[in-house]
Each structure stands twice: as structure tokens, then as C-alpha cells.
Amino acid sequence: MNIMRTFILLAALTALFMGTGYMIGGTGGALIALIIAGAMNFVTYWKADQIVLSMHKAREVNARTSPDFYSIVAILAQRAGLPMPKVYVIDSPHPNAFATGRNPENAAVAATTGLLDMLSRDEVAAVMAHELGHIQNRDTLIMTMVATIAGAISMLANFGMIFSSDSRNNPLALIGAILLAPFAAMIVQMAISRTREFGADRAGAEICGDPDALASALRKISHAARQVPNPVTERNPAAAQLYIVPTHVGELFSTHPATERRISALRELKRSTLRRNSFPATRTLLPR
């Protein structure tokens, strides 16, 4: 995603945030919303990784505390030509992973214990290659900032529902603030997320050299994500776009493309690259 497109998308969400503030509180509400949005953009730019990792109560690991997982990430980062990201583990049965950080030099990757326990070594490598693909494509900053602003729009609308009892307010405008603004923010968020997931799948397959392992991991995570609740997305639904697979895997209102479409794209990628013989044999590079 280029800089101009990122700017336009963030501007659209900021405008939605201001519009919600205007419908609830008039010009003053719009001004307050603008100030809040500007502060949020500034804070999330510099503190994106800390915000997300703190939200998940993630703990940092290293070559001593988690040698197998850490070494997989190190090998894949080297193959991708990326600086070594910080590596975190989240104590949660929900199987998922994400990447965060404002740029490749300040990036972090995290996986839940549920994912590490459920997947094979090659599948874990494929998932982490996908997350490194997000870092390589510079998706991580926009993912966190959009999640933060989209969540704030919903929060602002909820405040409007609770506190806006002034009879001078236009009831139709208030209904629009409560219902339409969060929905519009969700649509923008989905458009960003679905596009970048295909790009990260492709980059991840190229980094790990094993599209089949990524397809298998997506299938397992998608099935398990329906069964095991994710407390973070239950508290903040906007965080769903951070994960490799969302908690609820519905096509219409999901932040991600359907898992079946992603698997189909990976299979087509494998067929096309096999014809060119361009995938390296990487499994022997992963620790056993």
C-alpha cells in the first residue's frame, strides 16, 4: 500500500470520525473529534506495537526462553531480508498470530500458545512468514491505526447514544451517528484488510517457500477460530483485522477474504511458480 493511498484511507476515517462528532455535538463536536483523531494518529504512529501487545498481554521471548519459535522467525526474517523483529507469545487458547509496528525496523510478531500447540512446525513457519509479509509490505502501521480509529468511531457513537439528550439535536442525525458512521468505518476497514491479506499470503508463501503449509494452517486456524473465543476482539471488534484469520469468518462482514478464496489463490500461486520452478526448497532450513 503506497503512501498516498494510506494517507487517503486515514483521511477518510478521520473525516468519518469528525462527521460523527458533528452529528452528535455540532461544530464543537467536530472540532473535538478532529483533535482526538490527530492525537490518536500521533500516538499510534509512535506507540502502535506497545498498544497492541499490551492489549493482548503478550510476553517477549528470545532464543533462550523459546528457542524453537524464535529460531523459525529468525531464519524467515533473514530469508525475507528484514531486520529481526521482536518476538512475542500470547497465553491464549485462541489460535492466531499478528504483526505490528510502524516500520520493519520497529516491528514485532506474536503468536498465541493455541496456535503454536495446534500447528506443525512447517505450518507455524508459514504463518510467521505471512506476518513477515505484512512487515515487508509495510501493512503493520496502517493496520493498527485503522483499527484504533475505527474503534474510536464506534466508541464516539456509543457516547452519543448515552449522553446526547439535548432536544435540539436532530434525531435523524443522531441515528446516523449511532448507526451509519460505525458501519461506514467498518466498510473502509474491510476494504483495507481484504486487499492486504492476499498480498501477505503471497509474500509469506514466497518467504517460506511452502504455499501448501500456509494453506493448511489457514484451514486449521479458520476452523478453530470459530470454536475458541477471542476475548480481545470481543472487547474491541476493530482488532479483528490484525489477525491472520478473524474470529468470525463470515464473507460479508469479515475483515478478511474468505479462507477458501485465500487457499485457492495459494494453490494457483503454487501452480504458476512450479511452472517457473521458482520456489526454493526451504523446509531443510527450518530447525527440527
Side-chain angles (χ1 to χ4, degrees), residues 47-92 94-144 196-197 199-218 220-221 242-245 266 269-270 273 278-288:
K47 300 293 184 180
D49 51 346
Q50 291 96 320
I51 291 171
V52 173
L53 293 167
S54 175
M55 183 191 306
H56 291 84
K57 299 180 181 178
R59 53 184 172 86
E60 188 174 0
V61 298
N62 53 38
R64 180 180 60 82
T65 57
S66 187
D68 199 23
F69 180 43
Y70 189 88
S71 63
I72 288 175
V73 175
I75 290 170
L76 293 170
Q78 184 178 25
R79 288 183 54 81
L82 292 169
M84 180 64 185
K86 293 182 179 180
V87 182
Y88 289 82
V89 171
I90 300 165
D91 293 313
S92 170
H94 181 81
N96 237 312
F98 63 85
T100 187
R102 65 181 180 273
N103 54 38
E105 292 71 34
N106 295 276
V109 294
T112 65
T113 51
L115 180 138
L116 297 175
D117 292 340
M118 183 182 72
L119 300 184
S120 70
R121 190 184 306 263
D122 290 329
E123 290 166 342
V124 170
V127 168
M128 301 320 296
H130 168 97
E131 300 307 334
L132 291 173
H134 280 308
I135 295 172
Q136 189 178 66
N137 294 341
R138 295 181 178 267
D139 293 331
T140 50
L141 175 62
I142 190 68
M143 288 158 59
T144 304
R196 66 173 173 74
E197 285 307 314
D201 283 345
R202 182 181 184 88
E206 291 172 350
I207 292 169
C208 74
D210 194 354
D212 287 337
L214 181 54
S216 175
L218 288 173
K220 289 182 180 180
I221 297 170
L242 295 170
Y243 302 104
I244 187 170
V245 169
L266 286 166
L269 175 63
K270 181 180 179 180
T273 51
S278 59
F279 268 140
T282 58
R283 293 192 179 200
T284 56
L285 296 179
L286 296 178
R288 295 290 175 181

Hey, does [Y] have a side-chain heavy atom less than 4.5 Å from the side chain of [X]?
X	Y	value
I90	N96	no
V87	T65	no
E131	T140	no
P85	V73	yes
D201	L218	yes
E123	V127	no
Y70	V89	no

[X] to [Y] - nearest heavy-atom pair and separation:
X	Y	answer
A129	L76	N-CD1, 3.8 Å
S92	T112	O-CB, 3.6 Å
P83	P104	CG-O, 3.7 Å

Mind checking the [atom1]-[atom2] spacing from [X] to [Y]? Nearest 0.5 Å is all I need.
X	Y	atom1	atom2	result
E105	N103	CD	CG	4.5 Å
I207	L214	CD1	CG	10.5 Å
D91	H56	CG	NE2	13.0 Å
L132	Q78	CG	CD	12.0 Å
F69	L115	CZ	CG	8.0 Å
S216	L266	OG	CG	11.0 Å

Of all residues at least two apart in sequence or in a different chain, which pass the side-chain contact (heavy atoms from CB on, under 4.5 Å) check with E60? K86, Y88
Residues forming a side-chain contact (heavy atoms from CB on, under 4.5 Å) with A200, sequence neighbours excluded: H130, H134
Is the ring pair Y243/H94 parallel, tilted or perpendicular, if the boundaries are 30 and 60 degrees? perpendicular
Hey, does the side chain of Q136 reach the backbone of A80 with a donor-acceptor pair shorter than 3.5 angstrom? yes
Side-chain (N137) to main-chain (D139) donor-acceptor, under 3.5 angstrom: no
V124 vs M128, test: side chain to side chain contact (heavy atoms under 4.5 Å, CB included). Steps then yes/no. CA-CA 6 Å; V124 170; M128 301 320 296; 4.2 Å; yes
Apply side chain to side chain contact (heavy atoms under 4.5 Å, CB included) to the pair I135 and V109, showing each step before the final yes or no. CA-CA 9 Å; I135 295 172; V109 294; 3.8 Å; yes
